[in-house]
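Working notes for the structure below.
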2 protein chains.
Amino acid sequence: MLTIGTLSKKTGTKVQTIRYYEQIGLMPEPGRTEGGQRRYDNAQLDRLSFIRHSRQLGFSLDAIRELLDLSDHPNRPCHEADAIARRQLKQVEQRMARLEALRTELKRMVHECSGGRTADCKVLEVLRDHSECLTEHDEIGA
Amino acid sequence: MLTIGTLSKKTGTKVQTIRYYEQIGLMPEPGRTEGGQRRYDNAQLDRLSFIRHSRQLGFSLDAIRELLDLSDHPNRPCHEADAIARRQLKQVEQRMARLEALRTELKRMVHECSGGRTADCKVLEVLRDHSECLTEHDEIGA
DNA sequence: GCAAAACCTACACCAACTGTATCTTTTTCC
DNA sequence: GGAAAAAGATACAGTTGGTGTAGGTTTTGC
C-alpha cells in the first residue's frame, strides 16, 4: 500500500497533480485509510507512470484518456493507438518547423545588434517592421 | 480614426484580444466616441503590430512589456533588448532539442506498430514501459 | 505521548487568450 | 427618416495543465 507521497516520488509527479488527475477522472479513486488518507496499489502506480510518460512525450490529457481506454481493452484493433501517435508525430514536426523559422529570425536579430542606443537597435527595428521579416510565421504559441 | 474591428483585421488580432491587451495595460486606453466605442490612431496600430509580431516570435507578454518600454526610450543602451532576444533564442533552441528527442521516439513507436490487437500494440507498450525509452525527456510541455 | 512530517479539503491563481450572454451604438439600405 | 443588420460594449466563465496557499487532521518516529 503506497501513500500519495510515495507515488509522487516514484513517478516524479507532484502530490497536487495526482489529486488533480483523480479529480478529472484520469486516475481512479483510490482506497482510503480509516483516517481518510489515500492508499494506492501497483496497478495505480503503473497507470500514473503511463500518464506521466505520455505527458513527457507531449500527449494531451485528452489523448492520454483515449490511450488509457485502448490500453484497458486489449482486444480492440491497434490502429487507433497508432493513429494517435501519428497525429502526435505530425504535431511535433509542425512545431519543429515553426521553431526553426523563429530561430533563423532571432539569430539574425541578435547578430545584427551592434550595441548602440535603442534608437537604432536592430532587435526593436525588426519587431517594429514586419516587412523585414524573412519568414512566414502566422501561428502563435509553441 | 480606426475602429477596433479595423485594427483587428489589420493586425490579425481578435477583437477580444485587443481589449484584453488594454485590460492588462499592454495597450493604452484609446479615445472613445460619444457613444462609448473605442477609436484608435496609427500609433496604436503600430504598437499592436509590434506586440503581435513579438508574440509570433514567441516572446511572452512580460518580455514584450520590457521591449515596448525599451522602444519608448530611444536613448537607453540597446544591450537590454539584445539580451531579451538572446534569452528567447536560447529558449527556442532548447525547445527544438527536446522536440527532436520526442520525434525520434514517436517515429520509433509508429514504425514498430504492426496493426494487430491493442494487446500487443507497440505504441501502448512503449508508453507503459519507460525502460524502453531511448531518450531522456524529463521536461514537460512544449 | 508529543512533535514533526505528511496528509486532507477547498479555493485562488498562472499564461494568454477565447467564448458567451446581454445590451447599445453605428452603419447601411430602401 | 426609419428599420434592420453589423459591429461594438461590458462582464464573466471557460480553456489547458497544472501550482500555490490556508487552515485543519492523521500518521510516523523517537
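Below, chain A is the first sequence line, B the second, and so on; all start at residue 1.
A close approach under 4.0 Å does occur between a side-chain nitrogen or oxygen of B/Tyr21 and OP1 or OP2 of C/dC17. Between B/Arg32 and D/dT10 there is a side-chain N or O to OP1 or OP2 distance below 4.0 Å. Put simply, A/Arg52 has no side-chain N or O that comes within less than 4.0 Å of OP1 or OP2 on D/dG17. Taking only side-chain nitrogens and oxygens, A/Arg19 never comes nearer than 4.0 Å to OP1 or OP2 of C/dC11.
Shown here are the side chain to side chain contact (heavy atoms under 4.5 Å, CB included) partners of B/Arg65, two or more places apart in sequence or in another chain: B/Ile24, B/Leu26, B/Asp62. Partners of B/Ser8 by side-chain hydrogen bond (donor to acceptor under 3.5 Å, both in side chains), not counting sequence neighbours: none found. Residues satisfying the side chain to side chain contact (heavy atoms under 4.5 Å, CB included) criterion with A/Thr3, sequence neighbours excluded, are A/Thr6, A/Arg39. Residues that satisfy the side-chain hydrogen bond (donor to acceptor under 3.5 Å, both in side chains) test with A/Gln16, not counting sequence neighbours, are absent from this structure. Evaluation of the side-chain hydrogen bond (donor to acceptor under 3.5 Å, both in side chains) rule for A/Glu80 yields no partner, not counting sequence neighbours. A/Asp46 meets the side-chain hydrogen bond (donor to acceptor under 3.5 Å, both in side chains) test with no other residue; sequence neighbours excluded. Taking B/Arg103 as the reference, A/Glu93, B/Glu100 meet the salt bridge (Lys or Arg N to Asp or Glu O under 4.0 Å) condition, with sequence neighbours excluded. Scored by the side chain to side chain contact (heavy atoms under 4.5 Å, CB included) test, A/Ala81 finds A/Leu67, A/Leu70, B/Cys121, B/Val123, B/Leu124 as partners (sequence neighbours excluded). Qualifying side chain to side chain contact (heavy atoms under 4.5 Å, CB included) partners for A/Asn42, counting only residues two or more places apart in sequence or in other chains: A/Leu2, A/Leu45.
A/Tyr40 and A/Arg47 are not linked by any side-chain donor-acceptor pair at a separation below 3.5 angstrom, with hydrogens and angles left out of the test.
Picking from C/dT18, C/dC8, C/dA16 the nucleotide with the shortest atom distance to the side chain of B/Lys14 gives C/dT18. Taking the side chain of A/Gln16 as heavy atoms from C-beta on, and the options D/dT21, D/dT10, C/dT18, the nearest nucleotide is D/dT21. Between C/dA16, C/dC8, D/dA9, one nucleotide has an atom nearer to the side chain of B/Arg55 than all others, and that is C/dA16.
Protein atom CD of A/Glu22 is 19 Å distant from nucleotide atom P of D/dG17, rounded to whole Å. One can place CG of B/Leu26 at 13 Å from C1' of C/dA15, the figure rounded to the nearest angstrom. Computed from coordinates, the B/Leu2 CG to D/dA7 C1' distance equals 15 Å when rounded to whole Å. When the P atom of C/dC17 is taken as reference, atom CG of B/Leu48 falls 11 Å away, rounded to whole Å. The distance between atom CD of B/Gln56 and atom P of C/dA16, rounded to the nearest whole Å, is 15 Å. For B/Ile64 and C/dA15, the CD1 to P distance is 13 Å, given to the nearest whole Å. A/Ile24 has its CD1 atom 9 Å from the C1' atom of D/dG18, to the nearest Å. B/Phe59 has its CZ atom 17 Å from the C1' atom of C/dA16, to the nearest Å.
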Assess the residue pair B/Leu7 and B/Thr13 against the criterion (side chain to side chain contact (heavy atoms under 4.5 Å, CB included)); give the C-alpha distance rounded to whole Å, side-chain angles, the decisive distance to 0.1 Å, and a yes or no.
CA-CA 8 Å; B/Leu7 210 63; B/Thr13 316; over 6 Å; no
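Looking at heavy-atom distances under 4.0 Å, A/Ile4 makes contact with sugar-phosphate atoms alone, never a base. Using a 4.0 Å heavy-atom distance criterion, A/Arg38 is classed as a sugar-phosphate-only contact.
Separating the NZ atom in A/Lys14 from the NZ atom in A/Lys9 is a distance of 13.5 Å, to the nearest 0.5 Å.
Summary of helix geometry: the two end axes of the helix from C/dG1-D/dC30 to C/dC30-D/dG1, each defined by five base pairs via their C1' atoms, are inclined to each other by 0° (rounded to 10°).
Taking the nucleotide of DNA chain D with the nearest heavy atom to each of A/Ser60 and B/Lys9, the more 5' of the two is matched to B/Lys9.
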Under-3.5 Å N/O pairs linking protein and nucleotides 1-4 of chain C:
none

In the 5'-to-3' direction, what one-character label does each nucleotide of nucleotides 24-30 of chain D receive under the scheme B = base within less than 4.0 Å of a protein heavy atom, S = sugar-phosphate only, - = no such atom?
--SS---
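Look at B/Glu22 and B/Arg38 and you find a salt bridge, because one of the NZ, NE, NH1 or NH2 atoms lies within 4.0 Å of a carboxylate O, short of that distance.
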